[in-house]
Amino acid sequence: MKECGYSEINTRGMFPMESPHINKKTSVRQKWEVFPGRNKFFCNGHIMMARQTGVFYLTLMLILVTSSLFFAFDCPYLAVKITPAIPVIAGILVFFVLGTLLRTSFSDPGVLPRATPDEAADLERQIDVANASTSGGYRPPPRTKEVVINGQTVKLKYCFTCKIFRPPRASHCSLCDNCVERFDHHCPWVGNCVGKRNYRFFYMFILSLSFLTVFIFAFVITHVILRSQQTGFLNALKDSPASVLEAVVCFFSVWSIVGLSGFHTYLISSNQTTNEDIKGSWSNKRSKENYNPYSYGNVFTNCSAALCGPMSPSLIDRRGFVQADMAQAVSTSNGLTMYGSTQSQSNMGKNNETPVLLEQY
């Protein structure tokens with residue numbers, strides 16, 4: 001997107017000496033500092049998360065605590081009695097789980113930029129022209145457009161918050177207050193939306209977490225059984241009380257984690273999203289009228305497209321720069337917070353003394 005610079009001029013005159021009240025020192029801010037969505041940013045905008053992150057920290061704590069207990073109380077015994085490969089495999093799984101979790105949680109899920117005031121005004125003019133060509137009285141602006149994708153008619157809904165017609169498969173997240181491309185769902189466990197740019201990492205996270213949970217649960221039970229054969233069941237529990245806690249945590253979590261992995265495996269194989277599946281948007285049978293236009297008709301091709309396709313670039317330049325005067329121009333209009341890099345504003349104050357922002361391309 002082409003960057004725009006802004007300069008201040010005074011409406012009373014063109015000479016700097018005639019505008020002593022204008023502060024010529026303009027501090028530069030980054031776009032993530034004035035981002036309109038309900039997100040939190042860390043590390044100078046490199047990390048982007050949802051505002052509600054409490055459940056994410058709970059997820060992180062459960063993984064770290066359970067894994068640490070397994071390494072401290074079970075692995076030493078299992079490495080001697082069975083094989084030293086057990087702690088090695090567990091370490092690889094934990095590393096992969098944490099890596100994919102953080103990659104899912106800290107990345108842009110595919111947020112669509114909101115329309116700038118100029119773009120929103122241009123779209124409204126197009127809508128007004130379309131309404132003027134129709135007979136009769138006033139009609140409200142149309143909320144949908146129709147496009148044809150692989151022979152299937154798909155409706156593009158208008159977002160009154162972002163002032164855009166959302167592209168196919170996009171949806172507006174009410175928690176983050178953003179339109180997300182190929183929106184799947186908002187996941188509080190990872191503290192972020194799951195969309196086009198982080199879905200593959202989310203799937204690899206829950207799949208690897210399933211393997212890790214089953215792995216720890218199986219070898220914790222093995223540890224207890226082996227100790228029971230030597231000292232008795234009660235003494236085995238006394239010798240390794242942490243194993244009981246690990247077994248309880250894994251037992252109650254394995255069903256939901258494995259079930260979630262299976263559900264998303266089904267979604268990937270049919271090239272659907274959670275949002276589309278819940279709404280019943282498409283049928284898996286090509287013979288029906290509401291067949292899925294995004295499916296390639298082959299399980300392996302669908303999986304390859306979802307997991308191995310090219311990574312889309314982020315559409316929001318959250319680390320780009322805006323001037324401080326532009327950041328102050330961020331205002332609320334009809335419940336919409338404006339955000340963009342091509343924003344211009346004209347403010348006429350008393351005696352025409354208020355500066356005006358002009359665009360320089």
Side-chain angles (χ1 to χ4, degrees), residues 1 4 29-41 45 48-53 105 107-131 138-147 154-188 190-199 273-276 278-279 281 312-320 322 326-345:
M1 181 178 291
C4 301
R29 301 177 67 187
Q30 290 184 295
K31 293 180 181 179
W32 64 266
E33 299 180 84
V34 294
F35 189 74
R38 291 194 288 265
N39 295 89
K40 293 194 297 187
F41 295 87
M48 176 181 182
M49 298 184 69
R51 188 169 295 177
Q52 301 84 4
T53 54
S105 303
S107 60
D108 169 22
V111 174
L112 294 168
R114 301 189 181 191
T116 62
D118 289 340
E119 293 169 346
D122 182 66
L123 182 58
E124 290 176 1
R125 283 194 295 268
Q126 295 178 22
I127 294 175
D128 291 339
V129 170
N131 290 337
Y138 172 79
R139 294 185 180 182
R143 299 185 60 180
T144 60
K145 287 184 178 181
E146 291 186 349
V147 295
V154 178
K155 290 185 178 181
L156 308 183
K157 294 183 179 180
Y158 181 78
C159 179
F160 286 97
T161 301
C162 301
K163 294 290 185 180
I164 61 172
F165 279 99
R166 292 192 291 262
R169 316 189 86 177
S171 185
H172 191 91
C173 176
S174 59
L175 295 176
C176 294
D177 199 27
N178 295 312
C179 280
V180 179
E181 195 173 7
R182 200 185 182 278
F183 178 76
D184 192 86
H185 68 290
H186 181 93
C187 183
V190 302
N192 204 350
C193 288
V194 178
K196 183 177 182 179
R197 298 192 70 251
N198 64 350
Y199 180 79
T273 64
T274 301
N275 190 43
E276 292 168 348
I278 291 176
K279 294 179 178 179
S281 302
S312 301
S314 177
L315 298 179
I316 53 171
D317 183 21
R318 59 185 184 272
R319 299 192 68 247
V322 294
M326 174 185 167
Q328 294 174 358
V330 175
S331 60
T332 303
S333 176
N334 296 327
L336 169 65
T337 303
M338 295 299 185
Y339 170 78
S341 60
T342 60
Q343 181 171 330
S344 63
Q345 177 178 340

Do Arg166 and Tyr158 pass the side chain to side chain contact (heavy atoms under 4.5 Å, CB included) test, and can you show the C-alpha distance, the side-chain angles, and the key distance before you say yes or no? CA-CA 6 Å; Arg166 292 192 291 262; Tyr158 181 78; over 6 Å; no

When you look at Val111 and Met48, which way does the side chain to side chain contact (heavy atoms under 4.5 Å, CB included) test go after all the steps? CA-CA 11 Å; Val111 174; Met48 176 181 182; 3.7 Å; yes

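Proximity of a side-chain donor or acceptor of Arg38 to a complementary backbone N or O of Ser174 within less than 3.5 Å is detected. Panel note: side chain Arg318, backbone Gly45; a donor-acceptor pair is recorded below 3.5 Å. At least one donor-acceptor pair under 3.5 Å links the side chain of Gln30 to the backbone N or O of Arg319. At distances below 3.5 Å, not a single donor-acceptor pair connects side-chain atoms of Asp317 with backbone N or O atoms of Lys31. Side-chain atoms of Asn275 do not come within 3.5 Å of backbone N or O of Asp184 as any donor-acceptor pair.
Remark: Tyr199 engages His264 in a ring pair (Phe, Tyr, Trp, His ring centres under 6.0 Å) (not counting sequence neighbours). Residues that satisfy the salt bridge (charged side-chain N to carboxylate O under 4.0 Å, His left out) test with Arg169, not counting sequence neighbours, are Glu276.
Using the six-membered ring where Trp is involved, Phe41 and Trp32 have ring planes that are tilted, between 30° and 60° apart.
Scanning both residues, Lys155 and Glu146, for their nearest heavy atoms gives CE-OE2, 3.7 Å. Closest heavy-atom contact between Cys193 and Asn198: O-ND2, 2.9 Å.
A heavy-atom distance below 4.5 Å is not found between the side chains of Pro188 and Gln52.
The pair Arg114-Asp177 meets the salt-bridge criterion, with a side-chain N (NZ, NE, NH1 or NH2) lying under 4.0 Å from an Asp/Glu carboxylate O.
Heavy-atom neighbours of Lys40 NZ from other residues, nucleotides or ligands within 6.0 Å: above the threshold of 12.
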